[in-house]
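Whatever order the structure lists them in is the order used to number ligands and atoms, beginning at 1.
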Amino acid sequence: MCGIVGYIGPRPCAGILVDGLRKLEYRGYDSAGLAVLDTRASVAGEPPRLDVVRAVGKLSRLDDALREHPLIGNVGIGHTRWATHGRPTEANAHPHLVGEVAVVHNGILENHVELRRELVAKGRKFASETDTEIAAHLIDIELANGASSLFEATRNALSRVRGAYAIAVVSRKEPDVVVVAKSFSPLVLGIGDGEMFAASDVPALLAHTRDIVFLEDGDIAELRRSGPKIQRLLVHGDGSPERFTVTPVVRTPRRVDWSPSQAEKLGYKHFMLKEIFEQPAAIENTLRGRVVLESSDVDGTEIGLGDDAVQRIRRVVLLACGTSHHAAIAGRNWIESLAKIPAQVELASEFRYRDAIVGEGDLVVAVSQSGETADTLAAVRDAKRQGAKILSIANVVGSAIPRASDAALYTHAGPEIGVASTKCFTAQLAALVLLSVWLGRRRGVLAPERAQRLLQGLVEVPSQMRAVLEQADACQRVARRQIYAPEARDCLFLGRGLSFPIALEGALKLKEISYVHAEGYAAGEMKHGPIALIDAQMPVVVVAPRDQHYEKIASNVQEVRARDGRVVAIVTAGDSSISAMAQDVIEIPEVDPELTPFLTVLPLQLLSYYAADLKGTDVDQPRNLAKTVTVE
Ligand code: M6R
């Protein structure tokens, strides 16, 4: 995790770097810091100064520190940290300054133990417990040993490390350069007019440029005001006469269509709340240009599979983590019901570490908002090695998972800043319905009339979502009465069929932002254990829209009520039986039973949001979490 930024240009850089870090704070917020080259002294023939300011805690603490010790200069790097190696202390905060070099890093250097031992044996003194400081020492040593440039020193140093990194380096010895490199951790460059930017993610650059270079793994770049010089570093295994080779590469900038205002709160108290309300528009963007009502079909050009390839699919394997995994569970159900293809869902973090068997005939669908989740990326690479076709469903264009895939279906939901995923979840659902309809139509198992009704229903989902979101005040009242209530320490979420992943998602949302213990359960599993938890203090949120599971879940509600459980029911408008048993009811409009998840998840997101806000937790940056999990 962690976020890094870099700047070189004519403008004072401290503010630019801090603003960039603010957009990356979702990646980690244990500590933050800047290193800035002050070249004013060099005018008088003195070497430039390289000053570092760091602070433990959120960026506001760095702001305070910078007020006390302002950093002046036009070249610098910055970091916001999610602690991996070493506690969140000032000594462990980045940038790490060694000799005349400062380094920021996102990732994990896997051979840090052996390298540290080697450096200590050579008399090197360490000021922190981090793996990053090792990289700073290695670069410093290369410079001392006569490397001709910071670029060369960094390249030589990186040829010695194993693991994941996005790194940015500045040095007093070469004050008109920032060197950056990427391997497995995300890093993008922003091309300005006479200035260059680097960052872990696009939103950090949007205030300055929309011309973005997406670096590839193995890229190392020297950034000057005039532009980047990029090379590809290929490190050879032991036994090769040369330790590494480098070859120049050209990476063409892409113009991204996100606007700076999309990365602002725009009057909402939290990004999460804004993103909950952005969902109707996000779905419209996911559907745009893809639903073809005239032919009761989906334009699946981006899916990149010819008719023969579609016929040859024997199985669909969905890989994902966290919230994306919940979307993938719904996706599995749709692929089976609409395309009649056997489908299974896998937690990428489990799949990658067992001897999972995939191969020809398997379509692997990787679902990831960020497109950078380390476990999903590794699982995709493994599946590809075994010969499976990979389609990714991602939000961040050009991110690692789509790049590692054969094709990508982007959700186009716009930047999601809140750590708790909301709009990207429903956008993933939309992409998965589109994929299922497309497959079903190609394989001749989905009748045009059924596809037409479904697609028409999908197009109407955004306006139905708006109607549900109008009940935000009611959700706030229920959150206060049921979840924020002092006696409610735990919460159970129940659902069946397509409402099961929604129950899982409701529980995850509540846990991650309000720290209330919550469990999501398939309602049919209640009798196999969780029913023992039910008592008069236990709020049970039941996701019970009108569908083929309604009667079964109504029985489950009776079982909860018979044990004095407190029921909050999410039901279809006009419902009477479950509503009569529940203490609180939130209604969704009537919708095709296949499409209920788009609507039932909204009250759950709002319940979690308001419960967390009432508790006063840090909704957008909950403790211990980071939005993009780029470490195992
Ligand atoms: O970027 P991804 O969709 O791959 O991220 C997967 C999970 O880390 C993510 O969904 C996480 O569970 C969210 N914080 C949930 O709100």
Side-chain angles (χ1 to χ4, degrees), residues 1 3 24-29 82 184-186 200-203 270-273 275-276 279 282 318-331 345-352 365-380 392-405 408-411 413-429 431-432 493 501-502 504-515 518 520 601 604-609 612 617-632:
M1 305 61 111
L24 298 178
E25 216 180 357
Y26 70 86
R27 301 179 65 86
Y29 28 84
W82 188 82
F184 298 111
S185 299
S200 300
D201 199 359
V202 174
H270 294 102
F271 278 111
M272 181 182 175
L273 190 61
E275 287 158 6
I276 288 174
Q279 289 180 99
L318 296 116
L319 299 174
C321 296
T323 285
S324 299
H325 177 249
H326 301 153
I329 298 175
V345 194
E346 298 275 353
L347 282 167
S349 53
E350 287 293 316
F351 177 91
R352 66 177 290 202
V365 179
V367 186
S368 172
Q369 181 283 130
S370 62
E372 299 284 350
T373 298
D375 285 323
T376 311
L377 180 57
V380 159
S392 50
I393 293 181
N395 193 47
V396 179
V397 175
S399 51
I401 293 170
R403 286 206 313 271
S405 306
L409 192 57
Y410 286 108
T411 44
E416 189 178 69
I417 311 289
V419 164
S421 184
T422 52
K423 65 175 178 174
C424 287
F425 174 71
T426 43
Q428 288 167 345
L429 295 180
L432 286 160
F493 289 76
I502 299 307
L504 293 176
E505 178 58 8
L508 176 61
K509 286 289 88 90
L510 189 62
K511 276 185 268 212
E512 71 177 327
I513 60 169
S514 74
Y515 319 142
V601 75
L604 305 195
Q605 294 169 343
L606 287 165
L607 285 176
S608 299
Y609 171 77
T617 61
D618 195 339
V619 170
D620 283 332
Q621 295 169 349
R623 70 186 178 203
N624 305 338
L625 287 173
K627 184 147 186 79
T628 311
V629 184
T630 51
V631 293
E632 292 172 28

Just jot down the ligand 1 atoms closer than 4.0 angstrom to any heavy atom of [X], in number order.
X    : value
E512 : 13 (C), 14 (N), 15 (C), 16 (O)
V419 : 13 (C), 14 (N), 16 (O)
S324 : 2 (P), 3 (O), 10 (O)
K509 : 15 (C), 16 (O)
S370 : 1 (O), 2 (P), 4 (O)
Q369 : 1 (O), 2 (P), 3 (O), 4 (O)
S421 : 15 (C), 16 (O)
A420 : 16 (O)

Min over C321, S608, A348, G322 of heavy-atom distance to atom 12 (O) of ligand 1 lands on G322

Treating [X] as the side-chain partner and [Y] as the backbone partner, does any N or O pair qualify as donor plus acceptor under 3.5 Å?
X    : Y    : result
N395 : G371 : no
Y515 : R623 : yes
S608 : L510 : yes

Notebook entry, point to check: Taking atom types as modelled and ignoring hydrogens, do the side chains of E505 and T323 form a donor-acceptor contact shorter than 3.5 angstrom?
Noted result: yes

Notebook entry, point to check: Would Q428 and S324 count as having a side-chain donor-acceptor pair, cut-off 3.5 Å?
Noted result: yes

dist Q621:CD -> M272:CE (nearest 0.5 Å) comes out at 13.5 Å

Closest to atom 4 (O) of ligand 1 among protein heavy atoms sits T373 OG1, 2.4 Å

protein heavy-atom neighbour closest to atom 9 (C) of ligand 1 works out as T323 N, 4.0 Å

Checking the N or O distance criterion of under 3.5 Å, is ligand 1 in contact with Q428?
no

Query raised in the report: What about T376: any of its N or O atoms under 3.5 Å from an N or O on ligand 1?
Result: no

* Taking the side chain as every heavy atom from C-beta outward, state whether K509 and H326 have any atom pair closer than 4.5 Å. => no

side-chain contact (heavy atoms from CB on, under 4.5 Å) test vs E275 passes for just one of Q605, E416, H270, namely E416

Non-hydrogen atoms of E372 versus ligand 1: any pair closer than 4.0 Å? no

